[in-house]
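One structure is given below, encoded as C-alpha cells.
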Amino acid sequence: MDKIYEPQKTEQKIYRLWKKSGYFNPYKLPNKKGEPFCIIMPPPNANAPLHIGQGVFVTLQDIMIRYQRMKGKKTLWLPGTDHAGFETQVVFEKKLKKEGKSGLDMLRDEFYKAVWEYTQKNRKVARKQLEQLGASCDWSREKFTLDKDIQKVVYQTLERLWKDKLLYRGKRIVNYCPKHKTAFSDLEVKYKEEKGKLYFVKYKCRDKNKSIIVATTRPETIPGDVAIAVNPKDKRYKELVGESVIEPITKREVPIISDEAVDIDFGTGALKITPAHDSLDFEIGQRHNLEARETLGFDGHFNELAGPLAGLNIVDARKKSVDILRKNKALVKEEDYTHEVGHCYKCETVIEPILMNQWFVAVTKLLPETKKSLRDLAVDVVKNKKIKIIPKHFEKVFFHWMKNIKDWNISRQIRWGIPIPAYYCDDCGKSFIKIKGKVSNCIYCKSRNIKGDPDVLDTWFSSGQWPFATLLTSKNKKDFKTFYPTDVMETGWDILFFWVARMIMLGIYCTGKIPFKTVYLHGLVRDKDRQKMSKSKGNVIDPLVIAKIYGTDAVRMTLIIGNTAGSDFIISEEKIKGYRNFANKIWNASRFVLMNLEDFDGKKSALTAQDKKLFKNLEIIKKKMTHHLDNFHFSLAGELIYHYFWHTFADKIIEEMKNRIRDDKDKKQAQYVLYKILTDCLKMLHPFMPFVTEEIWQKIPQYKGKMADLLIIEKWL
RNA sequence: GGGUGAUUAGCUCAGUGGUUUAGAGUGCUUCGUUGACAUCGAAGAGGUCGCUGGUUCAAUUCCAGCAUCACCCACCA
C-alpha cells in the first residue's frame with residue numbers, strides 16, 4: 001500500500017468494480033427477500049454540467065441507498081435527466097448567440113432537433129459526473145423526461161384531467177414576459193421592490209363640475225380603462241356611483257361602479273378598472289360584465305386601441321401618457337412610491353399581467369366523486385402524516401403556500417418541451433385535448449377549421465409525474481408494484497412548491513397513492529458571499545475538478561458534515577482539505593492494521609477486560625450511527641464516525657495495541673481487536689466515503705466467507 | 001402586508017425533549033521528525049450560546065416580547 005492515499009488511482013477502478021457486480025440493480029442483490037427501498041433521483045437539467053451544490057443531493061441519496069443496501073434491502077435508486085423546457089431553451093439561445101446565431105432563424109423542427117442533440121450531450125456529461133461522485137444508481141433504468149413512454153404517461157394524465165374537467169383552456173390574466181414572449185405560472189415571477197411614482201389622475205364627469213381622482217402607478221393603461229370602481233361603503237363617492245366619467249387619454253366614457261374589492265384607504269379610494277392588464281381588475285370586470293380592452297400586444301407594444309400611445313413600448317408609453325395627462329391638466333399630483341413589481345425570473349424584464357388563452361389545471365376545483373381538490377389531496381396527506389417533511393417547519397410553509405394556490409398555468413409559448421396535444425377551433429372558438437388518433441373535426445361544431453395548439457407544457461407538469469412515470473415505464477414490469485410509493489424524495493427546499501407539491505398532487509391524483517413517504521429537503525450550497533450558485537453569476541464550482549484534486553470521498557464528506565436539513569451552508573477549500581486528510585488517515589490506519597495482520601487467522605480470541613470495554617464502546621457508536629441514519633441525521637452520523645475513527649481508533653486504540661502486537665503473548669488478541677474494529681469502521685464509513693473504504697476492503701484478507709466480496713453489500717453491523 | 005428561519009469560539013457551522021467542565025472543522029500558540037500517517041502526534045488559549053422578561057429547584061435549550069440579518073409568500077392599484 002502506498003504511503004499516501006491517492007484517490008485518482010482508485011476511484012474509477014472501484015466504480016467499475018461496483019458496476020460490474022450488478023449490485024446497483026435491486027434484483028441482482030444477493031438478498032432476494034429484502035424489503036424494497038426506493039429513491040427516485042431528482043432529474044438534473046440536461047442543459048449544463050452539475051455544480052457542487054448538486055453534489056449534495058447525489059451524496060445524501062447515495063448515503064441513504066448504500067446504507068439501506070447494506071441493511072439488506074432491495075434498493076433502487078433510479079436516475080434520470082430533465083429536458084427542462086424553458087430553462088434549456090434559454091441556455092441554448094444564449095449558446096447560439098455566442099456563435100452569432102439565433103433560434104429565430106431556425107424552423108421549429110430544426111430548432112427542436114438542435115436542442116435535442118445538445119441535451120443528449122449534456123446527459124452524457126451529467127452521467128459521467130454522477131459516476132465520478134460515486135452514485136450507486138441503477139443505470140439500466142435511466143430515464144429522460146422526453147422519452148416516448150414518459151411522454152405517453154404525461155399525455156394520459158392530461159387526458160384524464162381533461163375528462164375530469166380539471167384542465168381547461170381559458171382567457172385569463174397571466175404573467176407574461178415580453179422579452180421571452182411566453183406566459184409563466186405564478187411561481188416563475190419574482191417580486192422586487194421598485195421605486196416608482198403614484199400618479200393622481202382626474203377623470204371628469206359629463207357634468208363638468210364633478211370629477212373623481214384616481215391613483216395609479218400605470219397611467220399607460222388608462223386607454224384600457226373600462227370603469228372606475230369605488231367601495232360601496234365609501235361615503236365620499238356615494239353620489240357618484242352610476243355616473244360616467246371621461247377617460248382622459250382616448251376620451252371614452254366609462255361608468256363609475258362600486259365593488260367590495262376596492263380598498264377605501266389606498267390612494268383616493270377610487271380604482272381605475274383595466275381588466276386586460278391587471279388581475280384584480282379582471283375579476284372586478286367579470287363581476288360587472290365589463291369589456292376587457294386589450295391595448296397591449298404580445299410584442300410588448302401598445303396597439304391602436306391605445307390611441308396616442310399606439311406603437312410605443314411600455315416605458316415610452318408611460319412617459320407619453322404622463323405628458324398627455326399634464327397637457328390636459330388631468331394630472332393632479334405625483335408621489336414617490338415604492339412597491340413590489342413582478343419580474344421574469346430569468347431575464348429580469350418586468351412581467352406584464354396580460355389576457356391570454358392558456359391551459360390551466362384547476363387545482364382547487366373539487367373532484368365530483370371525492371369532493372376533494374388536487375390541493376386537498378396534497379394537504380391531507382401531509383396533515384395526517386402519510387408524507388413527512390424534513391425539516392418539519394417546512395410543513396407550515398407548505399400549508400401556507402397551498403392555501404393561497406391558484407389555478408396552474410401549464411402552457412408555455414416556447415418550442416422546447418412536450419407539445420400540448422390540443423386543438424382549437426376557429427369557428428366555435430373552443431378547444432379540446434385529444435391524444436390518440438387523427439383529429440380533423442372540431443368535437444363541438446364539427447368544423448374542419450381546426451388548428452393544433454402550438455404551445456408546450458410547463459416542464460414541472462411532466463417532472464411532477466416523475467416518481468410514478470419512471471416506475472410505470474420501467475423495463476421491469478414489477479417495478480411500479482414493488483417500489484411505489486417510493487421511500488424518500490430528497491431535494492432542495494427551493495423547489496418545494498415548483499416540484500414537490502406538484503408531485504404530491506399529481507401522484508395521488510394519478511395513482512391513488514402518495515408518491516413518497518418522506519420528503520427530505522437539504523440545504524443549498526452558497527459561495528462565500530452567500531450567493532446561490534449559478535452559471536450566470538460565474539460562481540459555480542465544478543465538483544469534478546475539486547474531486548480530482550482532493551478525492552471524491554473528501555468532497556462528499558465536505559458536503560454532508562455541517563449541512564442540516566433545510567438550512568444553507570458555505571463550503572471552503574480548507575474544509576475539503578480537512579476531509580482529504582481524513583481519507584488519508586483512514587488509509588494509513590488501515591495500512592498499519594493490515595501490515596500487522598499477516599499471520600492472523602481471523603479467529604476470535606479471549607478478550608481482556610479492557611478489550612471488552614473497547615467493544616462495548618464500539619457497540620454504542622454503532623447504535624448511534626444506526627439511529628442517526630434512520631432519523632436522517634447525516635451530518636451527525638458523519639461527524640460521529642469521523643471522530644471515532646480518528647480520535648478513538650487511530651489515536652488511542654492503535655497506539656495502545658502497538659505494544660501488545662509486539663508481544664507474542666498478546667499478539668492474537670491485539671490483532672483481533674484491530675481487525676474487528678477496523679472492519680466495523682469501514683462499514684460505518686462506507687455510505688459516506690465509498691471509494692477509500694471499498695479499496696481497503698478489497699485488501700483485507702477474507703476469512704472463510706464471513707465477509708462479502710464487496711463492501712457495498714456487506715451486512716450493516 | 002402576511003409568513004418562516006437564523007443570531008453559539010477569529011471564521012464556517014453542529015448540538016441541547018432543561019441538570020456536572022457547551023461541541024466539530026478550520027485558524028491560532030507551544031512542544032515533538034522513536035517505521036501507519038507531517039495530508040501527523042501531544043498539550044493549550046479561545047464562548048456571560050443576540051437582548052429583556054416569564055415558567056422552573058435549575059434555561060443556551062421551553063414561553064413571550066424586542067432587536068438585527070436572511071429568505072419565502074401576497075391582486076393595495
Side-chain angles (χ1 to χ4, degrees), chain A residues 1-6 173 175 186-187 189-191 196 198-201 214-219 221 225 228-229 261-274 277-284 337 339-340 342 353 391 393-406 493-494 496-497 523-524 526 528 530 532 550-551 554 557-558 561-564 566-596 633-636 638-640 642-643 646-647 650-652 654-655 657-658 674 678:
Chain A
M1 278 172 89
D2 295 334
K3 208 171 165 186
I4 281 175
Y5 173 61
E6 288 178 67
I173 290 280
N175 310 297
D186 296 333
L187 281 173
V189 181
K190 275 197 100 166
Y191 287 89
L198 190 57
Y199 302 94
F200 290 75
V201 181
V214 166
T216 180
T217 54
R218 305 202 55 191
T221 64
D225 288 355
I228 302 296
V262 181
D263 185 346
I264 299 180
D265 299 324
F266 186 87
T268 61
L271 171 65
K272 67 188 215 50
I273 302 300
T274 324
H277 303 296
D278 183 278
S279 63
L280 176 64
D281 293 9
F282 181 75
E283 273 173 37
I284 295 176
Y337 185 65
H339 60 151
E340 298 281 324
H393 74 255
F394 272 102
E395 288 181 3
K396 264 193 237 170
V397 180
F398 174 83
F399 292 135
H400 186 253
W401 184 73
M402 280 306 222
K403 207 177 139 191
N404 297 316
I405 195 174
K406 283 187 290 179
W493 57 261
D494 54 329
L496 177 63
F497 307 144
L524 274 34
R526 316 220 99 131
K528 279 173 212 130
R530 295 196 168 276
K532 221 168 154 177
Y550 298 110
M557 280 299 260
T558 307
I561 295 190
N563 180 358
T564 44
S567 38
D568 299 347
F569 74 115
I570 292 169
I571 56 163
S572 62
E573 203 154 339
E574 299 306 308
K575 190 174 174 187
I576 303 175
K577 271 186 201 167
Y579 291 110
R580 181 223 24 206
N581 296 354
F582 180 52
N584 190 53
K585 179 55 96 173
I586 297 173
W587 181 259
N588 272 294
S590 305
R591 185 159 77 100
F592 174 81
V593 173
L594 290 176
M595 269 162 41
N596 289 290
H633 298 153
F634 305 106
S635 177
L636 285 179
E639 210 171 287
L640 179 69
Y642 170 92
H643 200 257
W646 198 322
H647 301 300
D651 288 349
K652 302 224 166 70
I654 287 185
E655 288 307 317
M657 295 301 151
K658 271 182 183 170
L674 289 175
L678 174 67

Report the base-pairing partner of B/U20 (Watson-Crick or G-U wobble, both distances below 3.5 angstrom), or none.
none
Span that lies between the C1' atom of B/A9 and that of B/G23, in whole angstrom
10 Å
Quote, to the nearest angstrom, the C1' distance that separates B/C66 from B/G25.
34 Å
State whether A/W401 places a side-chain N or O below 4.0 Å from either non-bridging phosphate oxygen (OP1 or OP2) of B/G3.
no
Can you tell me, in whole Å, how much space there is between the P of B/G32 and that of B/C51?
42 Å
Side-chain N or O of A/S572 versus OP1/OP2 of B/U12: is the shortest distance under 4.0 Å?
no
Phosphate OP1/OP2 of B/A77 contacted by A/H339 side-chain N/O (<4.0 Å)
yes
Using the six-membered ring wherever Trp is involved, compare the ring planes of A/F582 and A/W646 and label them parallel, tilted or perpendicular (cut-offs 30° and 60°).
parallel
Any-strand Watson-Crick or G-U partner of B/C71, both distances under 3.5 Å
B/G3
For B/G10 versus B/G3, give the span between their P atoms, rounded off to a whole number of Å.
35 Å
Compare every heavy atom of A/T274 with every heavy atom of A/D281, then report the nearest pair and how far apart it is.
OD2-N, 2.7 Å
So, is A/T216 close to the B/C76 phosphate, meaning a side-chain N or O under 4.0 Å from OP1 or OP2?
no
Rounded C1' spacing from B/G53 to B/U12 in Å:
32 Å
So what does A/K585 hit on the nucleic acid, given a heavy-atom distance under 4.0 Å: a base, only sugar-phosphate, or nothing?
base
On the nucleotide B/U39, are OP1 or OP2 found under 4.0 Å from the side-chain N or O atoms that A/Y550 carries?
no
Would you tell me if any nitrogen or oxygen in the side chain of A/K406 comes within less than 4.0 Å of OP1 or OP2 on B/C75?
yes
With both distances under 3.5 Å as the test, what is the Watson-Crick or G-U wobble partner of B/C40?
B/G32
Would you measure the distance from the P atom in B/U19 across to the matching atom in B/C62 and give it in whole Å?
11 Å
Now, which nucleotide makes the Watson-Crick or G-U wobble pair with B/C66, with each of the two distances under 3.5 Å?
B/G50
Contact between A/D278 and A/T221 at the side-chain level, heavy atoms closer than 4.5 Å - yes or no?
no
Using the C1' atoms only, state how far B/G15 lies from B/C49, rounded to an integer number of Å.
11 Å
Considering every strand and a 4.0 Å limit on heavy-atom distances, what is the contact class for A/F282: base, sugar-phosphate, or nothing?
nothing
Side chain of A/E655, base of B/A36: donor and acceptor closer than 3.5 Å?
yes
For a quick check, tell me whether the side chain of A/K3 and the base of B/C37 share a donor-acceptor pair closer than 3.5 Å.
no
Using the P atoms only, state how far B/C72 lies from B/C57, rounded to an integer number of Å.
44 Å
